[in-house]
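Here the structure comes first, spelled out in structure tokens, and everything after it is commentary.
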Amino acid sequence: MNLSLLHNDEYTEKVLNSIKEAFSWQSIIYICLFAVSLVLLIIYVAKWQKTFSPYITVLFILIPIDILGTYFMSVSATASEALICMKVIYAGGCFLTYLITMVIMDLCHFHLSKTSKILLLMPFIAVFLSVITTEFTGLFYRSFHVEKVNGGVALMRDYGFMHTVSVALILIFFGVGFFGVLFALFRKNVPRKRAILLLLLEMIGLAAYFVEKTIDINLSISLGSYIFAEILLLIIVRRLAIYDVEATAIASVTKKGDEGFICFDKRFKYLGSVGIASTVYPELKQTQIDKKARKSPFLSQEFLPMLEEFKEKGRVSRRDIKRGDAIYQLTLDPLLSGKQYSGYQFHLVDDTWDRKQIQILNKFGDYLQDKVTEKTKHIQEMHDNLILSMATMVESRDNSTGGHIRRTSDCVRILIDEMKKDPDCEIAKNEKFCQNLVKAAPMHDLGKIAVPDRILQKPGRFTDEEFEAMKAHASEGARIVHEILKGTDDHDFHILAENVAHYHHERMDGSGYPKGLAGEEIPIEARIMAIADVYDALVSKRVYKERMSFEKADSIIMESFEKNHFDPDLEKYYVAARPKLEEYYRENGD
């Protein structure tokens with residue numbers, strides 16, 4: 001009975017001692033730090049986004065492990081237990097310096113290659129391997145034992161070569177991170193607040209490390225600096241996504257509800273979709289991720305042709321997708337992972353509103369165009385009527401040529417119609433030229449406005465002197481036409497009308513006036529006008545003559561062709577037009 005009680009007392013005392021050790025002041029601090037680190041980890045997970053550096057994520061995971069190992073170290077009773085706890089501590093703590101430096105490099109936009117990152121990690125891996133094999137190799141600790149120090153447990157050790165290496169790595173990487181932040185501040189490509197927070201993180205971490213090495217208080221000061229580092233990083237990541245403009249823009253676009261993305265890898269495997277993609281294509285909700293487009297009837301029909309064309313030609317034109325009243329625009333671009341091409345990305349945009357606006361604008365544009373055309377036509381008619389009125393006014397002063405401008409214009413039209421029937425006639429193929437010539441015909445005698453009334457209204461034949469004065473109407477007509485049309489935008493009509501007025505009395509043999517031009521020196525429009533002008537003069541009544549018969553007029557015209565007064569190339573068109581000319585003058589002659 002007494003032995004039993006004694007045994008119970010010893011057991012109770014042992015339990016109490018264990019509880020006392022488990023809840024020493026150092027252990028309580030470590031438990032609190034561990035709890036805080038877990039809370040910070042939860043906060044980070046809640047804020048986590050794909051754009052965050054993976055080094056930050058690993059850092060938040062390893063810090064609680066490091067603190068937990070330190071806590072178990074403080075309550076360990078044997079050297080073997082303490083060594084195991086030390087290995088747990090180094091499983092996290094050994095890489096924290098590397099992770100913090102890599103975080104600084106990422107946040108300060110120093111882009112290291114994958115090879116560089118792996119090479120920088122290798123020394124820390126070597127240190128960790130020396131820690132977990134220390135009882136066999138003696139590289140990190142040559143010897144170790146446990147002692148009670150200030151109410152806690154401490155692992156007393158004789159440091160080996162790799163411990164010196166680990167200290168050197170910590171100092172070197174702290175220095176790299178410190179100067180990296182300063183350089184980022186100098187480059188001004190990093191938000192100033194972020195750079196200051198990173199600089200503070202480095203300085204507190206380095207200070208905690210030296211305090212822990214120089215002051216013997218049997219408490220890991222570095223753990224506090226880790227907690228402080230987590231708090232600073234949470235402050236940084238709170239705005240990190242905002243500064244990642246590309247990711248923020250994509251997230252905003254997809255959440256807005258009028259764009260979406262559908263992704264495939266290089267082998268046409270479906271990778272997933274976001275935004276309005278599943279609304280436009282409900283079948284995507286039942287489509288298995290990693291499903292090859294060729295093995296899915298839906299994917300094969302909707303996306304495979306564009307994928308194959310893109311792979312073959314490197315480009316695909318846009319494609320419209322209609323869903324009820326909605327219109328979506330589908331385009332295909334390379335899918336990039338960093339700078340590497342990793343597949344294909346369909347970009348889907350709700351284009352309904354834009355299309356409706358375009359339709360409205362097109363209708364309004366058509367309306368405006370119709371109005372402009374109408375007004376332009378009206379202005380053109382006014383312009384033509386003004387010219388015709390001027391020609392009529394001039395003609396009213398001439399007692400011998402009533403209706404001449406109207407008839408010559410119609411004669412020109414009849415000749416042009418015959419020319420159009422000839423497939424080899426290049427001139428007649430120019431519709432604008434033909435229209436301009438018919439419109440310019442009434443202007444050919446505008447120069448008569450400068451001829452004195454005593455000559456223009458003389459009821460008989462002109463004397464040589466009077467005829468010379470009458471001949472001046474050609475040059476004067478060219479001057480008047482030039483002044484009338486010099487402000488017009490239609491340069492071709494301006495030149496043609498001026499030529500008709502100036503050269504319609506020239507002859508192919510050079511015997512005409514006012515310049516005595518010959519052959520092709522005479523513009524073609526003037527050569528055509530000359531035939532119409534002479535024909536009307538022959539078959540129309542004048543104060544000094546009666547109408548000439550069609551047969552007589554025709555013989556004179558044909559004789560003029562033979563004498564090379566008219567362009568011989570136009571003879572066949574005159575001959576073809578003669579029946580229509582005779583019919584016209586029977587109906588419209590004076």
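On a predicted model such as this, the values are computed, not experimentally measured, just so you know. No hydrogens, no waters, no symmetry mates; every other heavy atom, side chains included, goes into these values.
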Quick one: pull up OG in S273 and NZ in K285 and give me the separation to the nearest 0.5 Å.
-> 9.5 Å
Would you please indicate yes or no on a ring centroid separation below 6.0 angstrom for Y30 and F72?
-> no
How are the rings of F95 and F128 set to each other: parallel, tilted or perpendicular (split at 30° and 60°)?
-> tilted
Nearest-0.5 Å distance, NZ of residue K432 to CZ of residue F493 = 10.5 Å
Heavy-atom nearest pair, R319 first then I321, reads NE-CD1, 3.4 Å
Please say whether more than 12 non-hydrogen atoms of neighbouring residues, nucleotides or ligands are located less than 6.0 Å from CG in D366.
-> yes
Distance flag, aromatic centroids of F34 and Y71, threshold under 6.0 Å | no
Y226 side chain near I67 side chain, heavy-atom distance below 4.5 Å | no
Considering non-hydrogen atoms only, spot the tightest contact between C108 and G180 and give its length.
-> SG-O, 4.4 Å
Would you check if there is a donor-acceptor pair between the side chains of Y44 and T57 at a distance under 3.5 Å?
-> yes
More than 12 non-hydrogen atoms from neighbouring residues, nucleotides or ligands closer than 6.0 Å to CD on Q301, yes or no?
-> no
For T331 and D333, the nearest pair of non-hydrogen atoms, with its separation, is OG1-OD2, 4.0 Å
Within-4.5 Å side-chain heavy-atom neighbours: V45 and F60 = no
Candidate pair E230 and S37, rule side chain to side chain contact (heavy atoms under 4.5 Å, CB included), full reasoning | CA-CA 8 Å; E230 286 184 298; S37 69; 3.8 Å; yes
Of the non-hydrogen atoms in C85 and G69, which two are nearest, and what is the gap between them?
-> CB-O, 3.7 Å
Check whether any side-chain N or O of S166 sits under 3.5 Å from a backbone N or O of H163 as a donor-acceptor pair, and report yes or no.
-> yes
Hey, is K429 close enough to E426 for a salt bridge, meaning N to O under 4.0 Å?
-> yes
Is the closest side-chain heavy-atom distance between D490 and N436 below 4.5 Å?
-> yes
Given side chains that start at C-beta, do those of L62 and V58 come closer than 4.5 Å, heavy atoms only?
-> yes
Do you know which two heavy atoms are closest between A277 and I262, and how far apart they sit?
-> CB-CG1, 3.6 Å
I276 versus Y328: any side-chain heavy-atom pair under 4.5 Å?
-> yes
Quick one: do Q329 and D320 satisfy side chain to side chain contact (heavy atoms under 4.5 Å, CB included)? Show the steps, please.
-> CA-CA 5 Å; Q329 192 175 85; D320 289 340; 4.2 Å; yes
Kindly indicate, with the supporting measurements, whether the criterion side chain to side chain contact (heavy atoms under 4.5 Å, CB included) is fulfilled by K311 and K266.
-> CA-CA 9 Å; K311 185 175 182 179; K266 291 182 179 179; over 6 Å; no
In sequence, state the C-alpha distance, the side-chain angles, and the governing distance for F303 and Y270, and then conclude on ring-ring contact (aromatic ring centres under 6.0 Å, His included).
-> CA-CA 10 Å; F303 305 110; Y270 172 61; 8.0 Å; no
Interatomic distance, L496 atom CG to Q435 atom CD [nearest 0.5 angstrom] = 12.0 Å
Can you tell me which residue pairs pass the salt bridge (Lys or Arg N to Asp or Glu O under 4.0 Å) test with a partner in residues 98-111, sequence neighbours excluded?
-> none
Side-chain donor/acceptor of K87 to backbone N/O of I132, under 3.5 Å | yes
Measure across L201 and I100 and return the closest heavy-atom pair with its distance rounded to 0.1 Å.
-> CD2-CG2, 3.4 Å
Atom pair OG1 (T97) and CG (L59), whose distance is rounded to the nearest 0.5 Å | 9.5 Å
Any K295 side-chain heavy atom under 4.5 Å of Q288 side chain | no
Atom CG in L299, atom OG1 in T287: separation rounded to 0.5 Å?
-> 5.0 Å
Between atom CG of L199 and atom CD1 of I204, what is the distance when rounded to the nearest 0.5 Å?
-> 10.0 Å
Report yes if some heavy atom in the side chain of M203 is under 4.5 Å from a heavy atom in the side chain of F178; otherwise report no.
-> yes
For side chain to side chain contact (heavy atoms under 4.5 Å, CB included), just list the numbers for F261 and H347, CA-CA rounded to whole Å, side-chain angles, deciding distance to a tenth of an Å, and then say yes or no.
-> CA-CA 5 Å; F261 298 90; H347 184 199; 3.5 Å; yes
Give a yes or no on whether the backbone of L112 and the side-chain of S116 come within a donor-acceptor separation of less than 3.5 Å.
-> no
L169 vs Y98 side-chain heavy atoms within contact, under 4.5 Å = no
Qualifying residue for side chain to side chain contact (heavy atoms under 4.5 Å, CB included) with L232, from I196, L197, I227, L198 | L197
Can you list the residues that meet the salt bridge (Lys or Arg N to Asp or Glu O under 4.0 Å) rule with K291, with sequence neighbours excluded?
-> none
Quick check: does any side chain N or O of S130 sit under 3.5 Å from a backbone N or O of V127, one acting as donor and the other as acceptor?
-> yes
